[in-house]
Amino acid sequence: MKTRARDNRTARAGRTALPSRRELAGFALAGLLAYAVDLALFTCLRGPAGLDPLTAKTLSFVAACSVAYAGNALGTYRSAPAARGLRPYAVFFAVNLAGAAVQLLCLAVSHYGLGLTSQRADTVSGAVVGMAIATVLRFWGTRTWVFRAEGRVGSWTG
């Protein structure tokens with residue numbers, strides 16, 4: 001009974017409920033699978049296919065976003081109300097673009113702003129720090145804007 005009252009207060013206050021372990025694990029699994037697709041496809045497109053790096057990365061990024069969306073829609077958030085059309089995918093894609101921008105910003109600040117120009121510094125800033133911040137942004141954006149569950153996000157009208 002106390003839990004239900006706390007959930008109602010959280011919904012009335014307009015705050016987001018804390019994620020469950022299942023939600024976090026599902027999101028992480030979908031993200032890892034998408035990362036593997038991104039890396040494998042980029043490697044194939046750059047190597048055997050002979051595409052230039054930007055074209056290869058663009059194609060691998062779009063494929064990875066599609067895999068992550070499918071993994072989240074069919075797995076992690078399968079019980080969330082299903083929105084129709086291209087809007088949910090477009091919002092998911094925009095959230096992932098924002099995550100990619102965060103990673104690039106971390107790399108740019110470290111490399112050009114702080115003068116940390118070694119390969120190790122670039123890897124840590126872009127692939128570790130940037131990826132961690134971008135993952136939090138992607139998780140928040142995905143659960144808030146793409147797969148909104150009834151009752152999880154409170155109404156601003158109270």
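As a basis for the values below, the full set of heavy atoms in this structure was taken, side chains included, without hydrogen atoms, waters or symmetry mates. No experiment lies behind these values; they were computed from the predicted model shown.
Looking at heavy atoms from C-beta onward, Leu97 lies in side-chain contact with Phe61 at the 4.5 angstrom threshold. Between Phe93 and Val62 there is a side-chain heavy-atom pair separated by less than 4.5 Å. Taking the side chain as every heavy atom from C-beta outward, Thr142 and Tyr77 approach each other to under 4.5 Å. Side chains of Asp122 and Thr117 form no contact here, defined as non-hydrogen atoms less than 4.5 Å apart.
Residues Pro88 and Tyr69 come closest through the heavy atom pair CB-OH, 3.3 Å. Heavy-atom minimum distance, Ala34 versus Ala68: CB-CB, 3.7 Å. Closest approach of Ala121 to Ser118, counting heavy atoms only: N-OG, 3.0 Å. Among all heavy-atom pairs drawn from Ala134 and Val102, the shortest one is N-CG1, 4.0 Å. The shortest heavy-atom contact between Cys106 and Ser125 is CB-O, 3.4 Å. Of all the heavy atoms in Gly99 and Leu137, the pair that sits closest is N-CD2, 3.8 Å.
For the residue pair Tyr89 and Ser66, a side-chain donor N or O sits within less than 3.5 Å of a side-chain acceptor on the partner.
When hydrophobic clusters are built by joining Ile, Leu, Val, Met, Phe, Trp and Tyr residues whose side-chain heavy atoms come closer than 4.5 Å, directly or via intermediates, Leu24 is grouped together with Val146. In this structure, Val95 is a member of the same hydrophobic cluster as Phe139, with clusters built from ILVMFWY side-chain heavy atoms closer than 4.5 Å. When the side chains of ILVMFWY residues are joined at heavy-atom separations under 4.5 Å, either directly or via intervening members, Val91 and Phe147 end up in a single hydrophobic cluster.
Counting only distance, with no hydrogens or angles, the side chain of Arg22 and the backbone of Thr76 share a donor-acceptor pair below 3.5 Å. Formation of a donor-acceptor pair under 3.5 Å by the Arg148 side chain with backbone atoms of Arg143 is not found in this model. Checking side-chain atoms of Ser60 against main-chain N and O of Lys57 turns up a donor-acceptor pair under 3.5 Å.
When hydrophobic residues (I, L, V, M, F, W, Y) are linked wherever their side-chain heavy atoms come within less than 4.5 Å, the members clustered with Val67 are Leu33, Val37.
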Would you sort out whether Phe27 and Thr135 count as a side-chain contact (heavy atoms from CB on, under 4.5 Å), showing the intermediate values?
-> CA-CA 10 Å; Phe27 185 83; Thr135 298; 4.3 Å; yes
Are Trp145 and Trp140 close enough, and set up right, to give a side-chain contact (heavy atoms from CB on, under 4.5 Å), and what steps lead you there?
-> CA-CA 8 Å; Trp145 291 332; Trp140 175 81; 3.6 Å; yes
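With rounding to the nearest 0.5 Å, the separation of CG in Asp38 from OG1 in Thr43 is 9.0 Å. The CG atom of Leu59 sits 6.5 Å away from the CG atom of Leu51 when rounded to the nearest 0.5 Å.
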